Student: 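This structure is in structure tokens; I'll ask about it shortly.
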Amino acid sequence: MSETVKYLLPEERLPRAWYNLVADLPAPPPPSLHPATGACLTADDLAPLFPASLIEQDASTERDIEIPEPVRDIYRLWRPSPLYRARRLERALDTPARIYYKYEGVSPSGSHKPNTAVPQAFFNQQEGTKRMTTETGAGQWGSSLAFAANLFGLEVDVYMVKVSYQQKPYRRAAMEAYGARCIASPSNLTESGRKILAEHPDSTGSLGIAISEAVEMAAQRGDTKYGLGSVLNHVMLHQTVIGIEAMEQMEMAGDEPDILIGCSGGGSNFAGCAFPYIGRKLRDGNDIRIIATEPAACPTLSRGVYAYDFGDTAHLTPLLKMRTLGSTFMPPGFHAGGLRYHGMSPLVSHAMDLGLIEAQSFQQTECFAAGVEFARAEGIIPAPETNHAIRAVINEAIACREEGTQRTILFVLSGHGHFDMQAYTDYFAGKLTDLPHDEAALARSTDALPEIQGVKPLISA
Ligand SMILES: *Cc1c(COP(=O)(O)O)cnc(C)c1O
């Protein structure tokens, strides 16, 4: 029997529609609120930041939303992405479990992020946008939007968290190769950046600060819009190509997942795979377990509160009802840039509130150990973020061995780690330490959550 087993869909099986989970949910997600008035957010409120088509997708209750042909055409550069059976890993673990992974590292920027960067750039170009602003932490989102926007002739300004700007010159070079301008954040180009620099001249930045800068610049100019790489409903929607394809590939394999696992920063690669399965679970009642995994140092789903909060540090964004550690929470500097965010997708948070998903958190060294074990068995070196999913996968597979039960596990391999080898270098040098979140800092930042209409919307974790 061949050890290498992969399931490839023919090009014509590339999905024609994205899947919108809201259509199947038993209760609608809570509305987003205006940051100044606390009133329900309207399309007009968002118009300075996003094109109308994306605002419409955010609020849509339709189940299937057509993927425009120019978007499908660019998707074809790497989609449908392969699904692998991890037989060599199964053998290394001596587990009766069957493990499958959907590999999103085959995209031009090496992660799932172009799945939403391409449609965001397309809808912006359709509605006359000339320039997009965005933020990036480790650089995966910035390079994905730079790639996509360039194909549609749009300019891109990327506010990159300063510590990454200094430490990840290759990501910056990748953005510049696609023609984007990369700015270290906090910068003195924006009000938000100048304010931070006045208070903390040595600030190395955060995602929350970079979002404030990008949003501020987009709000100022009619021809400039903002792009967000995770969290928002339209981003979750675009990522569902992952799960739609995976379902068909699992069918080719003649198998069904009992457990689905994805790492979760803002929630998009996890939701992209999980939402089509959650929809099916809601319609057919099958009992798949769906697990989102995250760092113990930034445990948004496992330790956050479900409350209205801002998406950024300067409080320019709408108030979103989400799992949050508080917009003033500064995660410690661990090696999974894409998972260092205080908030979580409102839809993923809502799904958790409805009991449709569970969360697990892990320390970074146990995640790197899992990533290395995976690389030695399967050949792909995963991104540090993805290692949080692989830790959970290996734990479940070991549990199967110990209990003597056969289960099928499916996970998203959200990206390869080729731009993150410094993190592996530090791991091998024994320099990575495990940093649990700081209880006192967490209490302070959740205490500082905004008051809405006199009612502190605190629902305990
Ligand atoms: C950005 C990123 C993540 C985290 O973002 P989500 O929106 O939660 O998916 C995970 N893995 C990789 C490889 C990333 O680039």
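Note that these values count all heavy atoms, side chains included, but never hydrogens, waters or copies made by symmetry. All values reported here derive from a predicted model rather than from experimental measurement.
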Student: Please indicate whether R280 has more than 12 foreign heavy atoms, meaning atoms of other residues, nucleotides or ligands, lying under 6.0 Å from its CZ.
Tutor: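 Enclosed.
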Student: Please find the pair of heavy atoms, one from S144 and one from K113, that lie closest to each other, and give the distance.
Tutor: OG-CB, 3.3 Å
Student: Does the pair R13/E245 count as a salt bridge with the N-to-O cut at 4.0 Å?
Tutor: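 No salt bridge links R13 with E245.
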Student: I394 versus E373: any side-chain heavy-atom pair under 4.5 Å?
Tutor: yes
Student: In Å, rounded to the nearest 0.5 Å, how long is the span from OG of S206 to CZ of F329?
Tutor: 11.5 Å
Student: Using the benzene-type ring in the case of Trp, are the ring centres of Y178 and F147 under 6.0 Å apart?
Tutor: yes
Student: Hydrogens and angles aside, do S185 and E213 bring a side-chain donor and acceptor to less than 3.5 Å of each other?
Tutor: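 There is such a pair between these side chains.
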Student: Indicate the atoms forming the closest heavy-atom contact of W141 with Q120, along with that distance.
Tutor: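 For W141 versus Q120, the nearest heavy atoms are CH2-NE2, 3.8 Å.
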Student: Is a donor on one side and an acceptor on the other found under 3.5 Å between the side chain of R72 and the backbone of L14?
Tutor: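 Looks like yes, one N/O pair under 3.5 Å.
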Student: Does K102 make a cation-pi contact with F411 (under 6.0 Å, within 45 degrees of the axis)?
Tutor: no
Student: Would you check if the distance from the ring center of Y19 to the ring center of F275 is below 6.0 Å?
Tutor: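 Ring centres of F275 and Y19 not closer than 6.0 Å.
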Student: Hydrogens and angles aside, do S268 and H112 bring a side-chain donor and acceptor to less than 3.5 Å of each other?
Tutor: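 Side-chain D/A pair, S268 to H112: present.
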Student: Does a donor on one side chain and an acceptor on the other come within less than 3.5 Å for R391 and N395?
Tutor: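 R391 vs N395: donor-acceptor pair found between side chains.
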Student: Are any of the side-chain heavy atoms of T190 and Y159 separated by less than 4.5 Å?
Tutor: yes
Student: Take R98 and E90, measure what salt bridge (charged side-chain N to carboxylate O under 4.0 Å, His left out) needs, and give me the verdict at the end.
Tutor: CA-CA 7 Å; R98 290 196 288 267; E90 292 167 16; over 6 Å; no
Student: Whether the N20 and Q57 side chains hold a donor-acceptor pair (N or O, under 3.5 Å, no angle test) is what I'd like checked.
Tutor: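 No donor-acceptor contact under 3.5 Å links the two side chains.
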Student: Any side-chain heavy-atom pair from T134 and L228 closer than 4.5 angstrom?
Tutor: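 Sidechains of L228 and T134: no contact.
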Student: With a 4.0 Å cut-off on N to O distance, would you call K130 and E155 a salt bridge?
Tutor: no
Student: Indicate whether any N or O donor in one side chain lies under 3.5 Å from an N or O acceptor in the other, for S53 and E127.
Tutor: yes
Student: How close do A423 and P384 get, heavy atom to heavy atom, and via which atoms?
Tutor: CB-CG, 4.2 Å
Student: So do R289 and D258 actually touch side chain to side chain, heavy atoms under 4.5 Å?
Tutor: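 When only atoms from C-beta onward are counted, R289 and D258 do not touch, as no gap falls below 4.5 Å.
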Student: Have D255 and T408 got a donor and an acceptor in their side chains that come within less than 3.5 Å?
Tutor: yes
Student: Within the distance-only criterion (no hydrogens, no angle test), does the side chain of E294 pair as donor or acceptor with the backbone N or O of L301 below 3.5 angstrom?
Tutor: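 Between the backbone of L301 and the side chain of E294 there is a qualifying donor-acceptor contact (under 3.5 Å).
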Student: In sequence, state the C-alpha distance, the side-chain angles, and the governing distance for H342 and T300, and then conclude on side-chain hydrogen bond (donor to acceptor under 3.5 Å, both in side chains).
Tutor: CA-CA 6 Å; H342 69 273; T300 315; over 6 Å; no
Student: Can you list everything that forms a side-chain hydrogen bond (donor to acceptor under 3.5 Å, both in side chains) with H234? Sequence neighbours excluded, please.
Tutor: D58
Student: Which atom names give the shortest non-hydrogen contact between K225 and A218, and what distance separates them?
Tutor: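 That would be C-CB, 3.7 Å.
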Student: Which heavy atom of T133 sits nearest a heavy atom of A214, and at what distance?
Tutor: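 Where T133 meets A214 most closely, the heavy atoms are OG1-O, 2.8 Å.
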Student: Please determine whether the number of non-hydrogen atoms from other residues, nucleotides or ligands lying under 6.0 Å from atom CD of E248 exceeds 12.
Tutor: yes
Student: Does atom CZ of R181 have more than 12 heavy-atom neighbours, drawn from other residues, nucleotides or ligands, at distances under 6.0 Å?
Tutor: no
Student: Please lay out, stage by stage, how H238 and W18 fare under the test side chain to side chain contact (heavy atoms under 4.5 Å, CB included).
Tutor: CA-CA 6 Å; H238 300 155; W18 293 298; 3.7 Å; yes
Student: More than 12 non-hydrogen atoms from neighbouring residues, nucleotides or ligands closer than 6.0 Å to CD on E62, yes or no?
Tutor: no
Student: Under 3.5 Å, is there a donor-acceptor pair linking the side chains of Y226 and E135?
Tutor: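 Looking only at side-chain atoms, E135 and Y226 do form a donor-acceptor pair, the distance falling under 3.5 Å.
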Student: Strictly under 6.0 Å, is that where the ring centroids of F50 and F123 end up?
Tutor: no
Student: Does H388 have its ring centroid less than 6.0 Å away from the ring centroid of F362?
Tutor: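 So the answer is no for these two rings.
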Student: Is the shortest distance from a Lys or Arg side-chain nitrogen in R79 or E104 to a carboxylate oxygen in the other one below 4.0 Å?
Tutor: yes
Student: Looking only at side chains, do S109 and S143 share a donor and an acceptor under 3.5 Å apart?
Tutor: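 There is no such pair (donor and acceptor under 3.5 Å, judged by atom type) between the side chains of S109 and S143.
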Student: So, do I380 and F374 sit near enough that their side-chain heavy atoms are less than 4.5 Å apart?
Tutor: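 With C-beta onward as the side chain, the pair touches.
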Student: How long is the span from the CG atom in D24 to the CG atom in L282, to the nearest 0.5 Å?
Tutor: 6.5 Å
Student: What's the shortest heavy-atom distance between L207 and G137, and which atoms?
Tutor: CD2-N, 3.7 Å
Student: Would you give the length of the straight line joining atom CG of L410 to atom CG of L260, rounded to the nearest 0.5 angstrom?
Tutor: 4.5 Å
Student: Does CG in L442 sit with more than 12 non-hydrogen atoms of other residues, nucleotides or ligands closer than 6.0 Å?
Tutor: yes
Student: Taking E66 first and then R16, would you say they form a salt bridge - that is, a charged N and a carboxylate O separated by under 4.0 Å?
Tutor: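 The answer is no: the pair does not qualify as a salt bridge.
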Student: Testing R87, E378, R88 one by one against T4 for a side-chain hydrogen bond (donor to acceptor under 3.5 Å, both in side chains), which residue passes?
Tutor: R88
Student: So does E176 have more than 12 non-hydrogen atoms from other groups sitting under 6.0 Å from CD?
Tutor: yes
